[in-house]
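To keep things clear, I will list the structure first and then write my remarks on it.
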Amino acid sequence: MASVRFFPNSCMLFSLKITNSQTNFKLSVSASPFLLSKLHSIPRKASIFTHSLAEKDVVTSAPENPSSNSISKYKNSPFSGLDDIITGYIFGKKKATEVAHSVWKNVIRKGDVVVDATCGNGYDTLAMLRLVADEKRRGRVYAMDLQKVALENTYSLLGQSVNSDERELVELYAICHTKMEEIVPSGSAVRLVAFNLGYLPGGDKKIITRSETTLHALEAAKRILAPGGLISIVVYVGHAGGRDEFETVQAFASELPVDNWVCCKLQMLNRPLAPVLVILSKN
Ligand SMILES: C[S@@+](CC[C@H](N)C(=O)[O-])C[C@H]1O[C@@H](n2cnc3c(N)ncnc32)[C@H](O)[C@@H]1O
């Protein structure tokens, strides 16, 4: 769990916890209000990355010598290069979905196969398409949603945003995400399966993702994901059933074996209804 707490008059506390590890790492930073106000202007010196579960591999403070290459070994981590976006999130300027998209950038390569398990209005599908599309037309986005209107919205957004060659790299399916294995060709090296749970913004708020089907879909995602890939889940807790679904996602993540998976969440503490980002990274 990565969580942020602010104590307005005295200090700031940031902590990072890996949900499926016996070992918890905690970084605390204290600063005066004056120093806090200056944090944005500090050049990039401190970074926090997770790479594997070995304690030696977790950087919890700035390198003493900024010119040393101690950070370069984390360049393949899904969290490398995320300093700006994480800082934005910590200061309430960036949303969980924006952090998710930035994490994807670190993992997805041109030509990859990725899955959008809840395409909704198409913003996640479009973000994925931009990452996988190449001139050789090798990338693929398999996107699905229960609702026809969601597929229409996604198709329309893609039509406005990319050319027809790129749009053809997206396959849209009106199915439940528990059936993702039926549409992704077996043997595909799937680099990302993304879930953006809850209801369709602007749509029928009674049609929502549900704990039981979400769990089955996560199991399916786990089976098709290639080593080095990610399952990315944005979970909403503000609607009926959302909190239970979050607990289900957390339980699933917490039980993944530490040898193969790094699982973490990014959650606001003083905004209890804010969406939570859960990232499951497969070694
Ligand atoms: C928060 S929206 C997704 C937002 C979308 N990713 C975007 O970028 O606009 C959640 C979507 O999940 C869909 N959904 C609900 N249950 C589903 C299921 N079992 N399988 C697939 N999609 C589902 C809903 O219809 C809704 O469109």
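For ligands, and for the atoms within them, numbers begin at 1 and follow the listed sequence.
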Check step by step if side-chain contact (heavy atoms from CB on, under 4.5 Å) holds for Met180 and His177.
-> CA-CA 5 Å; Met180 67 176 75; His177 42 217; 4.2 Å; yes
Run the numbers for me: atoms of ligand 1, each under 4.0 Å from some heavy atom of [X], listed by number.
X	result
Ala117	21 (C), 22 (N)
Cys176	19 (N), 20 (N)
Gly122	7 (C), 9 (O)
Tyr123	7 (C), 8 (O), 9 (O)

Between [X] and ligand 1, which part of the residue brings a heavy atom under 4.0 Å of the ligand: side chain, backbone, both or neither?
X	result
Ile208	backbone
Ile175	backbone
Thr125	neither
Cys119	backbone

Looking only at non-hydrogen atoms, find the nearest pair between [X] and [Y] and report the distance.
X	Y	result
Ala96	Pro275	CB-O, 4.1 Å
Thr178	Ala220	O-CB, 4.3 Å
Ser232	Leu277	OG-CD1, 4.1 Å

Can Thr97 be said to touch ligand 1, with heavy atoms closer than 4.0 Å?
-> no
[X] [atom1] to [Y] [atom2] distance, which is reported to the nearest 0.5 Å:
X	Y	atom1	atom2	value
Ile175	Glu182	CD1	CD	6.5 Å
Leu218	Ile231	CG	CD1	6.0 Å
Asp116	Leu129	CG	CG	11.0 Å

Quick test: of every protein heavy atom, which one is nearest to [atom], and how far off is it to 0.1 Å?
atom	result
atom 8 (O) of ligand 1	Asp124 N, 2.9 Å
atom 2 (S) of ligand 1	Tyr199 O, 3.4 Å
atom 9 (O) of ligand 1	Asn121 N, 2.9 Å
atom 22 (N) of ligand 1	Leu146 N, 3.4 Å
atom 27 (O) of ligand 1	Asp145 OD2, 2.7 Å
atom 10 (C) of ligand 1	Asn196 O, 3.2 Å
atom 15 (C) of ligand 1	Thr209 CG2, 3.4 Å

For the pair Asp204 and Lys206, evaluate salt bridge (Lys or Arg N to Asp or Glu O under 4.0 Å) and give the outcome as yes or no after the intermediate values.
-> CA-CA 5 Å; Asp204 184 344; Lys206 291 194 289 299; 3.8 Å; yes
Would [X] count as being in polar contact with ligand 1, using the rule that some N or O on each side must be under 3.5 angstrom apart?
X	result
Gln147	yes
His177	yes
Asp116	no

For the residue pair Ser164 and Glu168, confirm or rule out a side-chain donor-acceptor distance under 3.5 Å.
-> no
Worked verdict on Asp134 versus Lys110 for salt bridge (Lys or Arg N to Asp or Glu O under 4.0 Å) | CA-CA 6 Å; Asp134 69 1; Lys110 297 288 181 194; over 6 Å; no
Classify the angle between the aromatic ring planes of His239 and Tyr199 as parallel (below 30°), tilted (30 to 60°) or perpendicular (above 60°).
-> perpendicular
